[in-house]
Asker: 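Pasting a structure below so you can have a look.
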Amino acid sequence: MNWLTRLLGNSADTATLDVALRDALAKWEALPAPDLGTAHFETRYVVINTEATGLDLDKDRLLAVAAIAVDREQLSPHDSFHAAVEPDAAAVLTSLLAFAGKGPVVVFNASFNRSLLERALDEHLGITPDWTWLDLHWLLPALYDEHIDRPARLADWMKAFGIETFQRHHALGDAWAIAQLMLAAQARARALGHNTPRTLAELEHSRRQLRRHG
C-alpha cells in the first residue's frame, strides 16, 4: 500500500471528532478565500514546514509541524506555531489550520512537505485545504539565478544568503530559515514586478514547466 492509496482510502470520519474540534474546523472552512491579487506588503504568507521519521513518503510518518507568518513583509518569532503531532494529531492539525488560515502557504520542497501534510490532514480531519502553495525550491532559482540556477537543497540557499537558524532539521528551526528566504524572495520579486501571490504562483509554474521541457 503506497501513500497515495492511504491518502485515498483513510479519510477521517469527522463525526468522530469532539465538538470543539468540529466547531474549529467549521470556523476555518467559513473563512473567505484569499485575494491573490493583493501586494506582498498587504499579504499574510504562512511558511509551513514538517518533521518526519524519514524522507520516504511510502513508509515514514509525520512527527511535528511548524508555521511562521511572513505578514506584510514582516517576520516575527512571536507569530509562529510548532507542535508534535502525537498524541492528539487532530487537535494539532486543527490548530495549524487556525494559525494558517487559507493561505497563501510557503514551503520548501512541496513534493515532500505538502504530500506529508495533506496525507495527515485527510487522515485525521478528512480535509485537503485548497491553499495556494508557493515552493521556494522552485522560486528561488527563478529569482536568484546568479546564486544558484537550479533547484537546490535548503542548506545551499542558506549558505548563499548567509542565513542561520537556531536548529537545523527541526520543523520550526528550518521554518525560520525558510521564512528568511521568503523575505529575500519577496524583495527580489517586487523588484522584478512580481508583486502579488498570484504572480509568484505563475512564476513558480513557469519555472517548473521550463525545467520539465528544458
Side-chain angles (χ1 to χ4, degrees), residues 34 36-52 55 57 65-77 79-82 100-101 103-118 129 131-214:
L36 299 180
T38 56
H40 299 311
F41 66 82
E42 298 176 305
T43 300
R44 183 177 188 264
Y45 295 88
V46 175
V47 172
I48 292 182
N49 191 47
T50 64
E51 188 175 334
L55 299 176
L57 285 171
V65 291
I68 299 176
V70 179
D71 193 357
R72 295 168 177 80
E73 300 186 318
Q74 298 294 317
L75 176 59
S76 168
D79 197 0
S80 63
F81 173 87
H82 174 258
V105 165
V106 179
V107 292
F108 194 96
N109 189 8
S111 61
F112 180 78
N113 284 292
R114 177 178 178 175
S115 299
L116 192 67
L117 185 57
E118 286 187 338
W131 282 324
T132 295
W133 296 79
L134 299 171
D135 191 349
L136 293 186
H137 185 65
W138 294 98
L139 279 172
L140 287 172
L143 293 166
Y144 286 102
D145 61 355
E146 74 273 27
H147 289 307
I148 305 173
D149 63 358
R150 64 194 182 286
R153 299 176 306 163
L154 176 59
D156 296 327
W157 284 107
M158 290 174 65
K159 182 179 180 181
F161 283 90
I163 285 175
E164 297 182 352
T165 188
F166 53 90
Q167 187 174 351
R168 282 300 326 273
H169 309 298
H170 176 279
L172 187 60
D174 282 353
W176 182 248
I178 296 166
Q180 293 175 75
L181 288 169
M182 180 58 185
L183 289 177
Q186 283 181 307
R188 176 58 65 89
R190 191 172 57 252
L192 296 175
H194 304 291
N195 295 314
T196 68
R198 179 175 292 115
T199 56
L200 281 183
E202 292 169 350
L203 179 62
E204 182 195 319
H205 178 73
S206 64
R207 185 71 181 197
R208 286 177 185 271
Q209 293 296 106
L210 180 64
R211 184 76 177 184
R212 183 175 300 166
H213 300 295

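Computed over heavy atoms, backbone and side chain alike; hydrogens, waters and symmetry mates excluded.
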Asker: How many angstroms lie between OG1 in T132 and CG in L200, if you round to the nearest 0.5 Å?
Answerer: 11.0 Å
Asker: Considering non-hydrogen atoms only, spot the tightest contact between F108 and A152 and give its length.
Answerer: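 Between these two residues, the closest heavy atoms are CZ-O, 3.2 Å.
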Asker: Restricting to non-hydrogen atoms, name the atom on L75 and the atom on A179 that form the minimum distance, rounded to 0.1 Å.
Answerer: CD1-CB, 3.6 Å
Asker: Please report the shortest heavy-atom distance between T50 and L117, naming the atom on each side.
Answerer: CG2-CB, 4.4 Å
Asker: Working to the nearest 0.5 angstrom, can you tell me the gap between L134 CG and L36 CG?
Answerer: 8.5 Å
Asker: Might you work through the side-chain contact (heavy atoms from CB on, under 4.5 Å) test for V107 and I178, ending with a clear yes or no?
Answerer: CA-CA 7 Å; V107 292; I178 296 166; over 6 Å; no
Asker: Rounded to the nearest 0.5 Å, how far apart are OG1 of T38 and CZ of R44?
Answerer: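 It is 13.0 Å, given to the nearest 0.5 Å.
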Asker: For R168, enumerate each residue passing the salt bridge (charged side-chain N to carboxylate O under 4.0 Å, His left out) test, keeping only those at least two apart in sequence or located in another chain.
Answerer: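 Checked R168 against salt bridge (charged side-chain N to carboxylate O under 4.0 Å, His left out); matches are D174.
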Asker: Do you know the tightest heavy-atom contact between A171 and H82?
Answerer: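 Residues A171 and H82, closest heavy atoms: CB-CD2, 4.0 Å.
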Asker: Can you name the residues that form a side chain to side chain contact (heavy atoms under 4.5 Å, CB included) with A177, not counting sequence neighbours?
Answerer: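 By the side chain to side chain contact (heavy atoms under 4.5 Å, CB included) rule, A177 matches M158, I163, T165.
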Asker: Using a cut-off of 6.0 Å, state whether more than 12 heavy atoms not belonging to E164 lie near its atom CD.
Answerer: no
Asker: Under the side-chain hydrogen bond (donor to acceptor under 3.5 Å, both in side chains) definition, can you give me all pairs with a residue in residues 181-195, not counting sequence neighbours?
Answerer: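 As it turns out, the side-chain hydrogen bond (donor to acceptor under 3.5 Å, both in side chains) pairs with a partner in residues 181-195, which skip direct neighbours, are E73-R190, E146-R188.
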Asker: Excluding sequence neighbours, so at least two apart, what forms side-chain hydrogen bond (donor to acceptor under 3.5 Å, both in side chains) with R72?
Answerer: none
Asker: Could you tell me which non-hydrogen atom of W138 sits nearest to which non-hydrogen atom of P151, and how far apart they are?
Answerer: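 Closest heavy-atom pair between W138 and P151: CZ3-CG, 3.7 Å.
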Asker: Residues two or more places apart in sequence or in another chain: which of them pass ring-ring contact (aromatic ring centres under 6.0 Å, His included) with Y144?
Answerer: H147, F161
Asker: Among all residues two or more places apart in sequence or in another chain, which pass the salt bridge (charged side-chain N to carboxylate O under 4.0 Å, His left out) test with D71?
Answerer: none
Asker: Would you give the length of the straight line joining atom CG of L140 to atom CG of D135, rounded to the nearest 0.5 angstrom?
Answerer: 9.0 Å
Asker: Report the residues that fulfil side-chain hydrogen bond (donor to acceptor under 3.5 Å, both in side chains) with D145, sequence neighbours left out, ordered by chain and then residue number.
Answerer: none
Asker: State the CG-CG distance between L57 and N113, to the nearest 0.5 angstrom.
Answerer: 9.5 Å
Asker: Hey, could you give me the CD1/CH2 distance between I148 and W157, rounded to the nearest 0.5 Å?
Answerer: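 Answer rounded to 0.5 Å: 4.5 Å.
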Asker: Please identify each residue that fulfils side chain to side chain contact (heavy atoms under 4.5 Å, CB included) with S80, with sequence neighbours left out.
Answerer: I68, L172
Asker: I'd like to check the side-chain hydrogen bond (donor to acceptor under 3.5 Å, both in side chains) partners of R207; sequence neighbours left out, ordered by chain and number.
Answerer: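 Listed in chain order: nothing, the list is empty.
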Asker: Strictly distance-based, threshold 3.5 Å: is any side-chain N or O of N109 a donor or acceptor partner for the main-chain N or O of H137?
Answerer: no
Asker: For E204, what residues pass the salt bridge (charged side-chain N to carboxylate O under 4.0 Å, His left out) criterion, not counting sequence neighbours?
Answerer: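 Once residues adjacent in sequence are excluded, the partners of E204 under the salt bridge (charged side-chain N to carboxylate O under 4.0 Å, His left out) criterion are R208.
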Asker: Between G103 and P34, what is the shortest heavy-atom contact and its length?
Answerer: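 Between these two residues, the closest heavy atoms are O-CB, 3.9 Å.
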Asker: Can you name the side chain to side chain contact (heavy atoms under 4.5 Å, CB included) partners of P129, sequence neighbours left out?
Answerer: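 By the side chain to side chain contact (heavy atoms under 4.5 Å, CB included) rule, P129 matches W28, L97, L121, W131.
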Asker: Quick one, D156 with K159, criterion side-chain contact (heavy atoms from CB on, under 4.5 Å). Give me CA distance, side-chain angles, the key distance, then yes/no.
Answerer: CA-CA 5 Å; D156 296 327; K159 182 179 180 181; 5.8 Å; no
Asker: Check side-chain hydrogen bond (donor to acceptor under 3.5 Å, both in side chains) between S206 and all other residues, then give those that pass, not counting sequence neighbours.
Answerer: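 In terms of side-chain hydrogen bond (donor to acceptor under 3.5 Å, both in side chains), with neighbours along the sequence ignored, S206 is linked to no residue.
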